Every structure is written in C-alpha cells, then in structure tokens.
Amino acid sequence: MLGRRGSLWFLAVPPYLWLVLLFVVPLGVVAAISLLPGAGRINFNAGWPSLNQYQQVLETPAYLRRLGISVGMAFVIAATATILAYPVAYFLAFRARGRATIFLILLLVPFASSYLLRVMAWKLLLGREGAINWVLTSTGLTHEPAGLLVYSQAAVVITLVYVWVPFAALPIYAALQRVDRSHLEAAADLGAGPWTRFGRITIPMSLPGALATFFMVFIPTVGEYVTPSLVGGTDGIMYGNLIQDFFTRAGNWPLGSAMAVLMLLAVLVLVLLALKLVDLRRVAA
Amino acid sequence: MPARPSRFPAWLIAFVSAALLLAACQSQGGPSSSADPSAGAESAAASVSEPNALTVLEWSGYEAEDYWTEFKAASPDTKVDFQFGISDSDILSLMEGDSTADIFHFYTGWQQFYVDEGLVQEIDTSKLTNWDKVPDSFKAMGQVNGKQYFLPWDWGFTSILYNTDHVNGEITNWDALFDDAYAKHISMWDDGPAAVTTSAYIHGYDETAITDDQLASIEAEWKAQKPLNLHYWTGEYVDFCPEVQSGDIWVAYAWQGCYATVLYDESQPIAYANPKEGRNSWVGLYGISSKTESYNLALKFLDDKLGATSCGNAVALFYYGCANQEVMDAITDPVLIQAFGIDDPTILEHTNFTPPVTADQRKAWTDMWARVKAE
C-alpha cells in the first residue's frame, strides 16, 4: 500500500507529466527555434544560436505597436467579459437556488456549437443587412443601415466578449459559492443594506475569482488570431495574426517563434506586475 | 500563387498545416539524399513493387473527386490521401520537411526552389497520354534547366475586379487599388509578393530585380493604402467573393473565378479590368516528389488529371482555366468566354506571367507585407 506521501506523488505525477510534455517541452522547442540564426526552414545545424530574430522584432516598431494594440484589446475584452459575467455568476450563486444546475447547463449550451459558427454568426449580425442594422433601421433609430459594422477592432472586441462571457462566469460563480453566507446574515443583522453587503462582503470575497477570470480571458486573448482574421479586417489585425503569417505564409518559423516568445514574456511581465499591484490575499481578507 | 478555392476555414487549414509542419520538424532537416532528378526512370523500372496508394499535397477544395475523376474511375482500388497546404510557402516547407506526399501542387514562381533542393523528379512525358493536348507555352512553365519537372494544370488571370455601379468609367490601371474614392470598399489579397508585383506594374519596376529603395517605397505606399481596405482577403470563395456579391467590395485584386461567379449569379454589375500595364497570369503546377515510391502511379494520376472530365470540372466548377487545350477550345458558355478572355486573341500579349524570384526576394517581400499588416 502507498503511504500518504506516496499517494500524493501518485496523484501528482500524471498532471505534471502532462504539463511537462505538452506545455514545457513544446515551449522549449519554440524557444529553441527562435534562436536559430537563419530565416525560413528549420535547420538546427545552421549555426550557433543567435538573437537575430529577437533583434529583428525589436527593431520593427510596427510589430511592437501591434503587440501594444493587442494587449489593449485583450484588456478591454477581459475587463468587459468579467464585468458582464459577474451578474450572471451572481444570479447563479445567489438567486437561481434549485434551478442553478439548469441555468448552468443553459449557460454552457453555446459550447455545444462550433466556435467558428459562433464567430461567423457575429459576422452576419454585424453585416450591412444584419440583425443589428435591421433593429436600428426598423426602430427608426437610423434612417439608413449604419454601414458595415464587421471588419473592425470593435467587431473583434464584441465577438470575443460574447465568446468569453460564459467561460468567464464559471470561476466567478465558484468564488461566489465560497462566500460564507453567515457573513452576509451577520451584516444584515447589524443593519447593513443589500448594497452595503454586496460592496463590503460579496465583492471583496469574490474578487480573487474575478481577477482570475480576468487573467483567464486576458492571457489567451493577447495571442488570438482566429477571430480577428474572420471579423477584424485591416483595423482588427492582432499580433497573433502576424505570428500565424510567419508560420504559415512566410515559412519563417524562427521569426514567428521569436515573436511568440516575446509575446509570452510581455504577458508574463504584465501579469506579474498586476499581481504585485493587487494583493489577492489582502483583498480577500 | 493564387489562393485556391477553400471549403475549410483558414484557421482549420492553418491548424492542420501547423500539425503537419510540426511533424516535419522531426526531419533530419534536408531532402532525401535520393533526390536525383533522374530517379524517375529507376522508379519506373520498379513499378511492379509500387504501393497502390498515393498522397497528394493539395490546396483545400482540390481534393474533390471532380478534379481527379478519370483516375478514380480507372483506379477505384487505389487509396488516394490528401494533405493540405495554406500557401506556396507552406507547401514548400512541408515538402522540405517530412511530408509523405507523392505529388504536390504549387503555383508559378516557386519552381526553381523544388529543383534546387532536389525535392522533385523529372516527369516522363512519354508516358502521358494527354500531354499533347497541353500547349507548349504551358509546358514551358513546368521546365527548369531544360527538363520537364512539373505538369501544368490550372491557370488564370489576376486583375482588378470592380463594381460598375460604384466605379465611374472603366478601370485601366492597377493604381485603382490605391484610389481613396473607394475607401473601405477595396480588398487586396493578403500576400506580400502580390503587393510587390502590383506596385512593380504601376511604377514600371523590374519585378525580378526590386531594389531596396524600391521596396521601401512599395512598403510606404501599401502602408498608406491599408486603411482603404475593407479587409485583406485570404480565400477566394471564403472571405472575398461573398463580399463582392453582397456589394461591400467595389474594387479588388482578384482572379477570374469570382468574376465568373458574379457574372453567373448577376448579384452585382461587375467588370474585370484590362489594365494598361497588363493583367497578371498564374499557372498551377504539379510535381512528383523525389522521395515517392509510386512514381508510375503518380504519373497516371497526373495524366488523368489532364483528362477531359477532370479538366472540364476545373473550368465548370472553379471557373479556372485548365492546361488541356481541347477543354478550353470546347468552351461555348459566354460567361466563361468572357472570364477567360477567349474572345480576345491578343489577351496574352498584354498579360504578365509570374516570374521566378529568389528565396531572399520572397523573404524580403513577405517581411515587408508583415510590416504593412502590423502598421
């Protein structure tokens, strides 16, 4: 029989193995490719590792500007998705009661359809003859269709917020479920109104979950490329699209890898900075 | 060169390509040492032991049996698998890696790379029953160093497609793509070499010898042009033609496939320019991998692709030209006659065929385009 320590190891090994094989090793491969001196095909015999690719990226202001734009868009998307997901999660945790499971399933229904289909649906909604323009004209808000709403940064933001909100609600819901109801009852007994209880107890205690949600949306969104390529047009191009181009169109994996590593580092720095600024344990306390 | 009809989303194709390329990373980093152009004859001698299976590295959409009908009918037991590339560069990368493809499909301008790297073997045209139906001008497209390495198949034009409801008069110059009168209704193909070619036509540059200064000025003008685009299109029938049909795109860099589509459905009043600098023309070529163990089967596959039905389907379904001249001569449909310029005997005199360029030039051009997109 395994002892307690042995059981812990037994349980811990598979996820760590998974993480190492499917995350750390591929990341290492990307980092190794980014150090190849030449452009084009992968040839590990081409010479000594070099920072040529990094130099090329850092000396191209347009790439860095696009990274900045992508970080900005990801911030807006993550913040909006978190804010919109909060009431949904609050409803599930505090108001849905016995029907919470049903509502939770309903929340996850969109995931039963293809991601691509959901994005394409927004392409139709935002089109010149799409639902949004139809509402605008049929309600008399505008006399003519407002033009093509798709193919813009706004279209990317709207579509990704829509895609993320159901996901974003889940960690907040989990955080809200952990809020000790007795705190709320005690506050009510002491005369605190609903808004005071919400502001002084619910929000602080669920903030770690909300921040986790924010980062869960923010981090992958910085490198997003599918949605911008479908609804972004020339304005909505993101840094991830450039990386994709270097891998699939330019056949320049070393440069694409260097761009990917730099993006990873930039996101890591931002997240660490944010965690430094916001002390989650203090907030929760 | 042109993006072939794509029935799959670009991200899916990109994902599959990335997976294939990842597999390719495991290679020793070079083509097989058996990459001998004369290997065809040896392979032919070994035909008895050839596997009864073929893998074709294709563009999404071309895997449909409509485009290899004769082979399917004649060899129903042969297993034909398809791998997919997303761009000419992608296909070259896959072939440089560990692609198991026996046959690969790419477009003019990339021939020399395959020969120089020993990725392709010579085609024994004496075994092709449909070879005499291919015009000499097309045969020449597949020749490198005087040898027939490639078999031409699909072809077409590149020019400016425009909506005559929104464009006053006739477009006679490639610089219509830079006209701010059509702001947010222009669409350029998402391709660096295409951008350089277009600028070369406009400014009279030698496309094969673009200088650094010329490239810098090309980059500046495409950066300035970027806000005029509705989007950069990637798939002719995915994100381009539907926008032309809906009337959102008025002026675009386009192949004749979408022109014919819109002529047929009459969704918009449309015209296809004959710029004074000339149209561009591209030709799709098939090569047989130097690593194939199914040389004779690959030859049979390619020969059958030149057959009347397969070639005819390329014309009738894609609205692309096909290298079998008998098929082209049999066209009576007025839309296709218009789309291919068959009624204009001088059309080829003012058409520029895509020239081969070096790997360094291609890299410089694709890097330039990435900077334009990032701007």
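Chain identifiers are assigned alphabetically (A, B, ...) following the order of the sequence lines, protein sequences preceding nucleic acid strands; residue numbering begins at 1 within each chain. In this text the structure is predicted, and so the values were computed from the model without any measurement.
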**Complete:** Residue set satisfying side chain to side chain contact (heavy atoms under 4.5 Å, CB included) with B:Val167, at least two apart, ordered chain then number -> B:Tyr162, B:Ile171, B:Tyr182, B:Val251

**Asked** A:Thr234 pairs by side-chain contact (heavy atoms from CB on, under 4.5 Å) with which of B:Asp190, B:Val372, B:Asn229?
**Response** B:Asn229

**Asked** Among all residues two or more places apart in sequence or in another chain, which pass the side chain to side chain contact (heavy atoms under 4.5 Å, CB included) test with A:Thr139?
**Response** A:Val135, A:Leu141

**Prompt:** Crowded around A:Phe215 CZ? As in, over 12 foreign heavy atoms under 6.0 Å?
**Reply:** yes

**Prompt:** Between B:Lys373 and A:Ile237, which heavy-atom pair has the shortest distance, and what is it?
**Reply:** O-CD1, 3.7 Å

**Message:** Rounded at 0.5 Å granularity, tell me how far OG1 in B:Thr366 sits from CG in A:Asp245.
**Reply:** 9.5 Å

**Prompt:** Considering all heavy atoms of both residues, which atom of B:Ser93 and which atom of A:Gly251 are nearest to each other, and what is their separation?
**Reply:** OG-CA, 4.1 Å

**Request:** Determine whether more than 12 heavy atoms belonging to other residues, nucleotides or ligands lie under 6.0 Å from atom OH of A:Tyr16.
**Result:** no

**Request:** Could you tell me which residues in residues 49-56 of chain A have at least one non-hydrogen atom under 4.5 Å from a non-hydrogen atom of chain B, sorted by residue number?
**Result:** A:Gln56

**Request:** Working to the nearest 0.5 Å, report the span between OG of B:Ser89 and CZ of A:Phe247.
**Result:** 12.0 Å

**Request:** Considering non-hydrogen atoms only, spot the tightest contact between A:Arg249 and B:Ser87 and give its length.
**Result:** CA-OG, 3.5 Å

**Prompt:** Could you state the interatomic distance from CD1 (B:Ile86) to OG1 (A:Thr248), rounded to the nearest 0.5 Å?
**Reply:** 4.5 Å

**Residue B:Asp212 excluded, over 12 heavy atoms near CG under 6.0 Å** = no

**Message:** Going by salt bridge (Lys or Arg N to Asp or Glu O under 4.0 Å), name the pairs with one or both residues in residues 217-235 of chain B, residues two or more places apart or in two chains.
**Reply:** B:Glu219-B:Lys223, B:Glu219-B:Arg371, B:Lys223-B:Glu375

**Atom group of A:Phe246 that falls short of 4.5 Å from chain B, counting heavy atoms** = side chain

**Complete:** The reported gap from CG in B:Asp367 to CG in A:Asn252 (rounded to nearest 0.5 angstrom) is 6.0 Å

**Prompt:** Below 4.0 angstrom, N of the basic side chain to O of the carboxylate: do A:Asp235 and B:Lys184 qualify?
**Reply:** yes

